[in-house]
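Notes to accompany the following structure.
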Protein chains: 2
Amino acid sequence: MSKSEAVELPLRRDGDAVPCCPPITAGELSQADAERTAAMFKALSDPVRLRLFSKVASHPGGEACVCDIADVGVSQPTVSHHLKKLREAGLLTSERRGTWVYYRVAPSVVAAMAAMLDLRAPGPRA
Amino acid sequence: MSKSEAVELPLRRDGDAVPCCPPITAGELSQADAERTAAMFKALSDPVRLRLFSKVASHPGGEACVCDIADVGVSQPTVSHHLKKLREAGLLTSERRGTWVYYRVAPSVVAAMAAMLDLRAPGPRA
DNA sequence: ACCTTGATTCGACGCCTGTCAATACAGCGA
DNA sequence: TCGCTGTATTGACAGGCGTCGAATCAAGGT
């Protein structure tokens, strides 16, 4: 490979003066911010990807084998393609364990979206 | 016109057993739910649209004239095209007042996304 | 009436994306 | 070693999307 394999996550850790996802409703976004944020939305803008992401996110243990989530109405290669996109967008991570490959939601992803939507509820915001 | 002009908003009012956007991280999405939710993300998956939306959302008074937000680096027809998409996605509403057209964020949009991301209960997962 | 300015629509172009069948790759078991 | 199952990649196709220039519509001012 040499292609982009997992971009910088659109959010920092937490409690940081993040350069990425300033609240969408609380100020104008810069060009760069808009591109990063849009990329995140884009990854979730396909029904198949959304279902895959949802299945992983809601799977007990926080991770799911491809074989567990592949039933979304499209061919196996297409599933693999979408999972790759989600990986490249920084939303999912994958790990091969023996025969199967397991996916899990990348840390801080949901928190990133929360921050971007200006919902300060989640964090221990002091 | 006769085309689709503003779809059903992806969320209900609030505190409703909504048919649309069940928390993305708390269960698998149905085909229909995934399509609706994906459509909302899709509308925001373009940097230009994101900036336009952001500009409207952050504008004092909650509304903005096209002339105020049109400076996003693309031609004016393209701006209009993107605003139309945001309108059709149910994210923005428009109103002509004299010479200018004013846009504002459709009610409950951000709240819809919040609900969908299952924020509100970050720590206490139980 | 006319012209000027703001905004939308039209038509066309190139790029990007979702999809599949076919193929390749990775582990495991016999 | 061979074959089998699970996953990823390749190559190709149709359709969708973002963009623009030009034309059109809408209000106001002169």
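What you see is a predicted model; the values in this text were computed from it and never measured. The sequence lines fix the lettering, A, B, ..., with proteins before strands; numbering per chain opens at 1.
- Listed nucleotides: C:dC20, C:dG18, C:dA7. Nearest to the side chain of B:Cys67: C:dA7.
- Using five terminal pairs a side, the axes of the helix from C:dA1-D:dT30 to C:dA30-D:dT1 at its two ends make an angle of 10°, given in steps of 10 degrees.
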Can you check side chain to side chain contact (heavy atoms under 4.5 Å, CB included) on B:Tyr103 and B:His59, steps first, answer last?
CA-CA 10 Å; B:Tyr103 279 80; B:His59 215 74; over 6 Å; no
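- In this structure, CD of B:Glu88 is placed 14 Å from C1' of D:dG16, rounded to the nearest angstrom.
- B:Thr93 and B:Ala106 get closest at one heavy-atom pair: CG2-CB, 4.1 Å.
- Among the nucleotides D:dT7, D:dG18, D:dC20, the one closest to any side-chain atom of A:Trp100 is D:dT7.
- At whole-Å resolution of the value, CZ in B:Arg49 and C1' in D:dC17 are 8 Å apart.
- The CG-P distance, from B:Asp46 to D:dG16, rounds to 18 Å in whole Å.
- Rounded to whole Å, the distance from CG on B:Asp71 to P on C:dG6 is 14 Å.
- Scanning all heavy atoms of the two residues, the minimum distance from A:Cys67 to A:Trp100 falls at SG-CD1, 3.7 Å.
- Distances from the side chain of B:Pro77 to the nucleotides C:dT19, D:dA8, D:dA22 place D:dA22 closest.
- Counting non-hydrogen atoms under 4.0 angstrom, B:His81 reaches a base of the nucleic acid.
- The interatomic distance linking B:Lys42 (NZ) with D:dG18 (C1') rounds to 12 Å, in whole Å.
- The listed nucleotides are C:dT8, D:dT19, D:dT7; the one nearest the side chain of B:Tyr103 is C:dT8.
- In this structure, A:Lys84 places its NZ atom 13 Å from P of C:dG18, rounding to the nearest Å.
- Heavy atoms only, all atoms of each residue included: A:Arg104 and A:Gly61 are closest at NH2-O, 3.7 Å.
- In terms of heavy-atom proximity, B:His82 sits nearest to B:Arg49 at ND1-NH1, 3.1 Å.
- Note: CZ (A:Arg87) to C1' (D:dT7) measures 10 Å, nearest angstrom.
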Base contacts versus sugar-phosphate-only contacts with protein, heavy atoms under 4.0 Å: please encode nucleotides 24-30 of chain D as B, S and - from 5' to 3'.
--SSS--
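- Look at CD on B:Gln76: it is 11 Å from P on C:dT9, rounded to the nearest Å.
- The side chain of B:Thr78 contributes an N or O atom lying less than 4.0 Å from OP1 or OP2 of D:dC20.
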